[in-house]
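Worksheet: the structure to be examined is printed underneath.
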Amino acid sequence: MESSGFYESHIPLKPPRDNKSINDKKKKTSLICQQATMENNLVLHFCWSLLLYVAWWILLLVAEMIQEGSSSVSSSPLHLFSMMSLSPGLGSPYPWPREMRSEDRGLFLIHLLIACANHVAAGNVENANIGLEYISNLASPDGDTMQRIAAYFMEALADRMLKGWPGLHKALNSTKITSVTEEILVQKLFFEFCPFLKLAYVITNQAILEAMEGEKVVHIIDLHSFEPAQWISLLQALSERREGPPHIIITGIHEQKEVLEQMARRLNLEAEKLDIPFQFNPIVSRLENLDFKSLRVKSGEAVAISSVLQLHSLLALDDEMLQPNSPSVNKSPNTVHFRRVLQMNPHTLGDFLDKDVINKCSASPDSESSSPLSSPTPPKMASFLNAISGLSPKLMVVTEQESNHNGFSLMERILEALNFYAALFDGLESTAPRALIERQKIEKMLFGEEIKNIISCEGLDRKKRHEKLDKWSPRLELAGFGKVALSYGVMLQARRLLQSYNYDGYKIKVENGCFIICWQDQPLFSASAWRFRN
């Protein structure tokens, strides 16, 4: 017993357990494990990205060697894609692309779209078909932003290919019904969900209001009259003038009689409420067929002209008169596109694309059209602008897309369109949920049809010949117009509109007295004011 007591008194005892200390150690261990896991994931992701990019470089080098030394169709990059598995499985040497992160999948889609577009432009049907098959497994009209864009570009490229077989193309489109009601509806949805038309109307109205101060008879000519809200707002503003409202005449031009009848009803009703002298003059006509005598402009009237996204359509009429002036084709037209895109570090969808790529792009061999800007103002456009200047307008406000979709080559147009519509789709993503049916209608019936027209059509059928302000300015100046700087008051009205509708992400920049409407930093539309120089 004594020895037992001795050992008990001299053996050092374990300190009592400190639960708090133990918990702290556990937490620290857990944090270290989590950090290690995150680092491992980052390393794995980096390795996978590096592997993917190396694979792409190998494909590019193989493609370049083949194009320089052989014309074999079976050895193209898209033929190499065909050896990959199109369905998920352990046997596939590449991870299934749908499991990629959204940004990685978007970049992958751009690679495929550009490669496929090059083959469509070159008439390589087999390779283009392989590319479209791959894109169709990734694209989706109700997926993320890049998937949605890819779906409509894929459709446009396929439509262009089908036109190589006119009978097949006509047969597949023979029962297609174009509803005027739906076209008007989608324009109204675009007005409602996107800020661009609202901004164009506010800028136009405020500029007219300032220019027409003190005028007794104001005659407004609307080159595309379909939205009564624009002119109702102006009627209300003019009715509040200190010196009293002027006599207001609005001449509305539209190819659909029903649209003009609705405009007349709404505007006449508003004028009666405001008790102001008003007259609506409807003209049922396409812009290219407009008879200027029907405008009935009289001496003493102060004329203002509103052109919202209309002038570019007239460029198609001069297409047949222009001689093609395409530069020679590079031996490897897709190499530059791929290399530039691979070097990018994308943050937003617009960052996937580099504007400089377009400047480096060579002309596609199929391009038959020539940009009207390579020569003086084309005859039809010059004739139309001269007729407008003949009315001696006190003000003309022009809103156009701030992008060049009227380039020499198919590849130029595709790359510009990717940049432009990426920003449009991104902006729509910020204002409308993905599943919203109205959003899907805007994307399919408006954006999708524009993309198809830019890519699939040539000659007179290609109406969407958007061009930048620096191309429109010389034309208007040659027709006798001088630029009028839009005022600070106009800018205030435009910015208030963006704030009141919570259009976050949209910006207005001022360049040489004109407004550039942007999504983030991507220019989308320009608004400029002009006056006839006596």
Side-chain angles (χ1 to χ4, degrees), residues 200-255 257 259-287 289-308 310-311 384-399 476 479-482 484 486 490 527-534:
Y201 296 157
V202 164
I203 291 167
T204 300
N205 285 3
Q206 187 63 28
I208 290 174
L209 199 62
E210 293 176 6
M212 297 301 168
E213 189 175 351
E215 296 290 348
K216 294 182 179 179
V217 181
V218 176
H219 189 163
I220 299 165
I221 299 170
D222 185 357
L223 298 185
H224 184 64
S225 188
F226 93 99
E227 181 51 65
Q230 176 184 9
W231 302 124
I232 287 173
S233 174
L234 184 65
L235 291 179
Q236 292 169 349
L238 287 171
S239 70
E240 297 171 357
R241 283 201 323 184
R242 243 181 254 168
E243 64 271 30
H247 181 86
I248 305 165
I249 305 164
I250 295 180
T251 295
I253 302 162
H254 200 280
E255 58 191 86
K257 185 180 178 182
V259 174
L260 294 173
E261 286 174 348
Q262 183 186 3
M263 287 284 293
R265 280 195 300 271
R266 293 280 306 277
L267 295 179
N268 282 321
L269 183 62
E270 187 65 25
E272 287 176 13
K273 285 181 184 178
L274 297 169
D275 192 25
I276 57 175
F278 175 74
Q279 178 185 342
F280 185 77
N281 177 29
I283 297 178
V284 181
S285 172
R286 289 179 178 271
L287 202 58
N289 300 325
L290 180 62
D291 179 7
F292 279 81
K293 293 178 182 177
S294 63
L295 299 177
R296 295 183 285 184
V297 175
K298 298 176 182 177
S299 178
E301 295 176 349
V303 177
I305 295 168
S306 169
S307 175
V308 178
Q310 293 306 302
L311 292 182
F384 185 86
L385 293 178
N386 286 334
I388 289 282
S389 67
L391 303 173
S392 301
K394 193 170 184 181
L395 186 74
M396 179 176 180
V397 184
V398 177
T399 305
L476 289 160
F481 287 92
V484 178
L486 292 166
V490 179
S528 57
W530 303 83
R531 179 172 181 164
F532 178 66
R533 295 187 300 238
N534 293 327

Here's a test for you: under side-chain contact (heavy atoms from CB on, under 4.5 Å), which of K216, Q279, H219 qualifies with H247? Q279
Those residues at least two apart in sequence (or on a different chain) that pass side-chain contact (heavy atoms from CB on, under 4.5 Å) with V484 are A529, R531
Among L260, I253, L267, which one satisfies side-chain contact (heavy atoms from CB on, under 4.5 Å) with S225? L260
Supply the atom-to-atom distance I232 CD1 to Y201 OH, rounded to the nearest 0.5 angstrom. 12.0 Å
Please find the pair of heavy atoms, one from N281 and one from L295, that lie closest to each other, and give the distance. ND2-O, 3.8 Å
Non-neighbouring partners of R241 that pass salt bridge (Lys or Arg N to Asp or Glu O under 4.0 Å), sequence neighbours left out: E243
Tell me whether the count of non-hydrogen atoms from other residues, nucleotides or ligands lying under 6.0 Å of CD in E213 goes above 12. no
Does atom CG of D275 have more than 12 heavy-atom neighbours from other groups under 6.0 Å away? no
At what distance, to the nearest 0.5 angstrom, does CD1 of I248 lie from CE of M212? 11.0 Å
Please check: side-chain N/O of S389 versus main-chain N/O of A479, any donor-acceptor pairing under 3.5 Å? yes
If the condition is side-chain contact (heavy atoms from CB on, under 4.5 Å), which residues does N289 pass it with, not counting sequence neighbours? S285, R286
So which heavy atom on F481 is nearest to which on P393, and how close? CE2-CG, 3.7 Å
A229: side-chain contact (heavy atoms from CB on, under 4.5 Å) partners, not counting sequence neighbours: F191, E227
Strictly by modelled atom types, are Q236 and E240 linked by a side-chain donor-acceptor pair under 3.5 Å? no
Rounded to the nearest 0.5 Å, what separates atom OG in S239 from atom NZ in K273? 12.5 Å
Interatomic distance, OG1@T251 vs CD1@I249, rounded to 0.5 Å, equals 7.0 Å
In this structure, are over 12 heavy atoms from other groups packed under 6.0 Å from R533 atom CZ? yes
Sorted by chain and residue number, the ring-ring contact (aromatic ring centres under 6.0 Å, His included) partners of F384 (sequence neighbours excluded) come out as F292
For G480 and F532, work out which heavy atoms get closest and say how close. O-CD1, 3.5 Å
Which atom pair, heavy atoms only, marks the closest approach of M263 to W231? CE-CD1, 3.8 Å
If you take all heavy atoms of A264 and F280, which pair is closest and at what distance? CB-CD2, 3.6 Å
Interatomic distance, I220 atom CD1 to I305 atom CD1 [nearest 0.5 angstrom]: 11.0 Å
Check the pair Q206 / E210 against side-chain contact (heavy atoms from CB on, under 4.5 Å), numbers first and verdict last. CA-CA 6 Å; Q206 187 63 28; E210 293 176 6; 3.3 Å; yes
Across all chains, not counting sequence neighbours, the side-chain contact (heavy atoms from CB on, under 4.5 Å) partners of A211 are L395
Closest non-hydrogen atoms of E215 and V218, given as atom of the first, atom of the second and distance, are CB-CG2, 4.1 Å
So do the side chains of S306 and Q230 get within less than 4.5 Å of each other, counting heavy atoms only? yes
From CA spacing to verdict: side-chain contact (heavy atoms from CB on, under 4.5 Å), I250, L234: CA-CA 11 Å; I250 295 180; L234 184 65; 5.8 Å; no
When you measure from the side chain of Q310 to the backbone N and O of S307, does any donor-acceptor pair fall under 3.5 Å? no
Would you check, one step at a time, whether the test side-chain contact (heavy atoms from CB on, under 4.5 Å) holds for I276 with L238? CA-CA 9 Å; I276 57 175; L238 287 171; 5.8 Å; no
Value rounded to 0.5 Å, distance of CE in M396 from CD1 in I208: 11.5 Å
Quick one: does V284's side chain get under 4.5 Å of K257's, heavy atoms only? yes
